[in-house]
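This report concerns only the one structure given below.
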Amino acid sequence: MSERARPTHHCAELRRAHAGERVVLTGWVDRVRDLGGLLFLDLGDYRGTTQVVVRPGTDAARVAKRVGAWWVLAIEGQVLAREPETVNPAVETGEIELEAEVVRVLSEARTPPFPPTATADVAEELRLRYRYLELRNPRLQRNLRIRGRLASEIRAHLDGHGFLEVETPFLTRSTPEGARDYLVPSRVHRGRFYALPQSPQLFKQLLMIGGVDRYYQIARCFRDEDLRADRQPEFTQVDIEMSFADPELVIEITEGLFRRALGAVGIEVRPPFPRFTHAEAMDRYGVDRPDLRYGAAITDLTELARNSGHRILDSILDGGGALRGIAAPGCAGFSRKRLDELQKVAVAAGAGGLFRAAFRDGAVRSPLARMLGPDRLFRLLEAAGGASGDLLLLVAGEPRTASVALGALRRRLATSEGWIGKDDFRMAWVTDFPLFDWSETESRLTSVHHPFTSPHPEDLHLLEDEPLRARSLAYDVIANGYEMGGGSIRIHDRRTQQRIFDALRVPPEEARERFGFFLEALEYGTPPHGGIALGFDRIAMLAAGARSLREVIAFPKTTSATDLMTGSPGSVRTSQLDEVGVALAGRRRRASGAD
RNA sequence: GGGGUCGUAGUUCAGUCGGUCCAGAACGCCGGCCUGUCACGCCGGAGGUCGCGGGUUCGAGUCCCGUCGGCCCCGCCA
């Protein structure tokens with residue numbers, strides 16, 4: 001009688017051809033069907049299940065009578081081909097069963113708070129608290145396997161292109177700009193703090209200076225900001241940097257990476273990906289990460305609409321405004337209620353109002369018809385790429401605002417009208433981002449990308465006088481309306497870097513204090529370099545067809561950045577605080593639970 | 001920081017206008033019966049801080065205020 005617990009086969013492996021073999025299976029009890037005499041139990045793991053038959057009166061039966069769901073067993077016995085009338089065609093292993101001779105209980109199990117293999121209707125709060133149980137669910141098993149496969153393919157791709165995987169510190173220092181840092185107090189240096197990296201940005205540039213001319217890392221990053229379905233406080237970037245690179249090289253390597261990694265999980269993307277300048281993306285789609293899985297792009301109709309006789313429209317256009325529109329396919333029959341909803345969406349997105357025209361059966365219905373006339377409305381429809389049956393939605397106003405509002409309508413309609421095919425996957429590049437934008441709250445310029453992004457060489461002369469018109473050598477890679485990553489060619493000379501800090505109004509003493517080491521490094525022979533950082537969790541999320549990053553992270557956090565399983569963040573003893581020289585601000589002390 | 005939404009047996013939910021609702025169902029769990037089941041079946045049983053605190057009321061799961069937690073969104077996220 002063998003005492004071994006090591007399986008000879010896994011639970012989805014046995015077939016008719018194994019009949020007669022003596023095997024050992026290990027796994028969880030999925031279900032027990034005790035018929036009083038005969039007892040069946042399904043033994044399984046993430047690969048599948050195998051039916052075990054236990055005969056009455058045997059030693060195996062005496063043990064099997066006790067077991068419950070999710071006990072861990074090793075079962076030794078002989079594989080039997082089932083009689084034709086007892087074959088279960090719904091199960092891969094349904095042609096055989098294992099006749100138990102020895103049932104060993106490796107582990108008993110409490111009844112789980114929810115059935116791990118059927119979690120669809122279970123409150124997420126509960127699933128997160130017992131995440132290790134939910135991980136047994138086939139959906140999460142599949143997602144984790146997709147994620148793991150992506151990581152290994154990405155490594156293989158980059159290794160194959162001469163990139164070296166290098167780790168960079170987690171305990172580093174806070175940098176200005178960007179998100180809030182997670183801080184770690186120093187015990188040795190009271191009153192000083194490490195910051196967890198928001199990205200390995202400076203380190204990867206220093207690796208270029210250090211002669212590692214092709215670097216990558218699948219790196220954890222930390223940002224203490226409010227969360228969303230597609231944002232976690234700690235997340236993973238595929239961080240890539242290379243010396244002597246131009247945007248074309250970065251794009252080529254990245255496209256190859258996506259083709260290989262996504263291809264390995266059954267998603268075909270075909271480089272070269274289409275490209276849009278940031279200005280084109282904003283004008284045509286009203287966002288900097290357009291979803292290309294559906295049409296209804298935005299068209300500028302200003303010239304066709306001039307001198308319409310419509311008082312409001314004319315005054316907007318004469319004042320330098322634009323008329324832009326989208327043709328929503330098949331939406332001509334929308335009810336008054338649905339049109340009102342669209343109006344609300346447009347106004348919430350900044351539009352002053354929403355004009356519309358519905359085209360059906362060679363006729364047009366529109367509040368604009370009386371002033372513009374049907375012929376002009378049909379010309380607008382044609383210019384917007386529409387046809388009979390479509391609903392033309394028009395926004396007049398400041399050109400960019402009009403596009404942003406129409407972009408919001410486009411996204412809303414894509415969801416409500418089912419414009420998105422289930423297996424569509426469309427990637428693209430957005431290039432020529434502005435270098436700066438204006439922060440109303442801080443009354444100063446801020447970097448659109450980050451302060452180490454190279455200005456576009458043609459726009460260097462704009463930095464001091466017209467900085468908001470300056471473009472950068474930054475690029476984003478997008479998929480299905482999500483930003484999948486972004487990168488840039490970096491500044492590699494000290495003087496240009498200084499001009500950027502000046503434009504950002506970073507005080508010289510602060511620049512020196514917080515990354516003097518980096519500015520100094522730039523003075524010791526810096527190769528031109530650039531790279532990209534890809535949002536690995538989002539790649540995995542889209543590859544898995546999931547709607548939330550929590551679906552592709554083994555142990556994710558809630559939208560309030562807590563871990564319901566471990567209870568983090570947790571309180572610490574006062575002695576621990578004393579050790580690191582931290583005192584809680586008065587009224588918070590009790591609330592935080594420190595004791 | 002703001003808005004929305006949800007919170008009732010282990011789980012998923014129902015619970016009408018505030019009153020036979022000392023809160024029900026299904027699944028799960030426990031016990032009994034059952035030798036070809038595979039969502040086994042049949043019979044029986046146990047199981048509740050209606051998230052928490054306060055208020056209104058003769059009476060609150062239900063109404064009001066506050067608060068905690070999950071999720072979604074805006075701000076924020078170079």
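Proteins come first, then strands; the chains are lettered A, B, ... in the order of their sequence lines, and each starts at number 1.
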### Query
B:U11, B:U35, B:U37: which one has an atom nearest the side-chain heavy atoms of A:Val122?
B:U11
### Residue-phosphate contact under 4.0 Å: A:Thr558 side-chain N/O, B:G70 OP1/OP2
yes
### Query
On a whole-Å scale, what distance lies between the P atoms belonging to B:G28 and B:C22?
28 Å
### Task
Please state the P separation for the pair B:C29 and B:C40 - nearest whole angstrom.
10 Å
### Task
Would you mind telling me which of B:G75, B:U11, B:U35 lies closest to the side-chain atoms of A:Leu38?
B:U35
### Message
Would you say A:Thr111 places a side-chain N or O within less than 4.0 Å of OP1 or OP2 belonging to B:G28?
### Response
no
### Task
Could you check how far CZ of A:Arg412 sits from C1' of B:C73, rounded to whole Å?
11 Å
#### Entry: Between B:G36 (P) and A:Arg82 (CZ): distance, integer Å
14 Å
### Task
Side chain of A:Arg31 only, please: which of B:A39, B:C72, B:U12 is the nearest?
B:A39
#### Entry: Closest to side chain of A:Arg55, choosing from B:G36, B:G75, B:U11
B:G36
### Task
Give A:Thr453 one of three labels, base, sugar-phosphate or nothing, depending on what nucleic acid heavy atoms sit under 4.0 Å from its own.
nothing
### Query
Are the ring centres of A:Tyr132 and A:Phe555 closer than 6.0 Å?
no
#### Entry: Pairwise P distance, B:G66 and B:G3 [rounded to whole Å]
10 Å
### Query
Quick one: A:Asp30 CG to B:G28 P, roughly how many Å, whole number?
13 Å
### Same-atom distance (C1') from B:A23 to B:C65, integer angstrom
25 Å
### Task
Return the nearest nucleotide to the side chain of A:Thr86; candidates are B:U35, B:C72, B:C38.
B:C38
### RNA chain B: 5'-proximal contact among A:Arg538 and A:Asp121 (nearest heavy atom)
A:Asp121
## Note on the structure
Between CG of A:Leu126 and C1' of B:C71 the distance, given in whole Å, is 14 Å
### Query
Out of B:C77, B:U11, B:C72, which nucleotide sits closest to the side chain of A:Arg223?
B:C77
### Message
If I pick the P atom on B:C73 and the same atom on B:C30, what distance separates them, to the nearest angstrom?
### Response
40 Å
### Task
Using a heavy-atom cut-off of under 4.0 Å over every strand shown, decide if A:Phe40 touches base, sugar-phosphate, or nothing.
base
### Proximity to the side chain of A:Asn88 - top-ranked nucleotide from B:C72, B:G70, B:C38
B:C38
### Message
Measuring to OP1 and OP2 of B:U37, would you say a side-chain N or O of A:Arg33 lies under 4.0 angstrom away?
### Response
no
### Query
Nearest-Å distance, CZ (A:Arg180) to C1' (B:C76)?
7 Å
### Message
It should be established whether A:Thr562 places a side-chain nitrogen or oxygen under 4.0 Å from OP1 or OP2 of nucleotide B:G70.
### Response
yes
### Query
Between atom CD in A:Glu85 and atom P in B:C38, what is the gap in whole Å?
14 Å
### Query
So which nucleotide from B:C71, B:G10, B:U37 ends up closest to the side chain of A:Pro113?
B:G10
### Message
Would you measure the distance from the P atom in B:U5 across to the matching atom in B:G10 and give it in whole Å?
### Response
28 Å
### Task
Would you indicate which nucleotide in B:C38, B:G1, B:U37 comes nearest to any side-chain atom of A:Asp42?
B:C38
### Task
Kindly determine whether A:Arg129 and A:Glu134 satisfy salt bridge (Lys or Arg N to Asp or Glu O under 4.0 Å), including the steps that lead there.
CA-CA 9 Å; A:Arg129 180 161 166 222; A:Glu134 194 188 12; over 6 Å; no
### Task
Rounded off to whole Å, could you give me the CZ-to-P distance for the A:Arg228 and B:G3 pair?
15 Å
### Message
Centre-to-centre under 6.0 Å for A:Phe276 and A:Tyr285, is that the case here?
### Response
yes
### Query
Of the nucleotides B:U35, B:G75, B:C72, which has the atom closest to the A:Thr559 side chain?
B:C72
### Query
A:Gln51 near the nucleic acid: base, sugar-phosphate alone, or nothing, with a heavy-atom cut-off under 4.0 Å?
base
### Message
If you apply the rule salt bridge (Lys or Arg N to Asp or Glu O under 4.0 Å), what do you find for A:Asp226 with A:Arg231, and how did you get there?
### Response
CA-CA 8 Å; A:Asp226 290 343; A:Arg231 288 180 355 209; over 6 Å; no
### Task
Quote, to the nearest angstrom, the C1' distance that separates B:G53 from B:A60.
15 Å
### side-chain N/O A:Ser548 vs B:C71 OP1/OP2, d < 4.0 Å
no
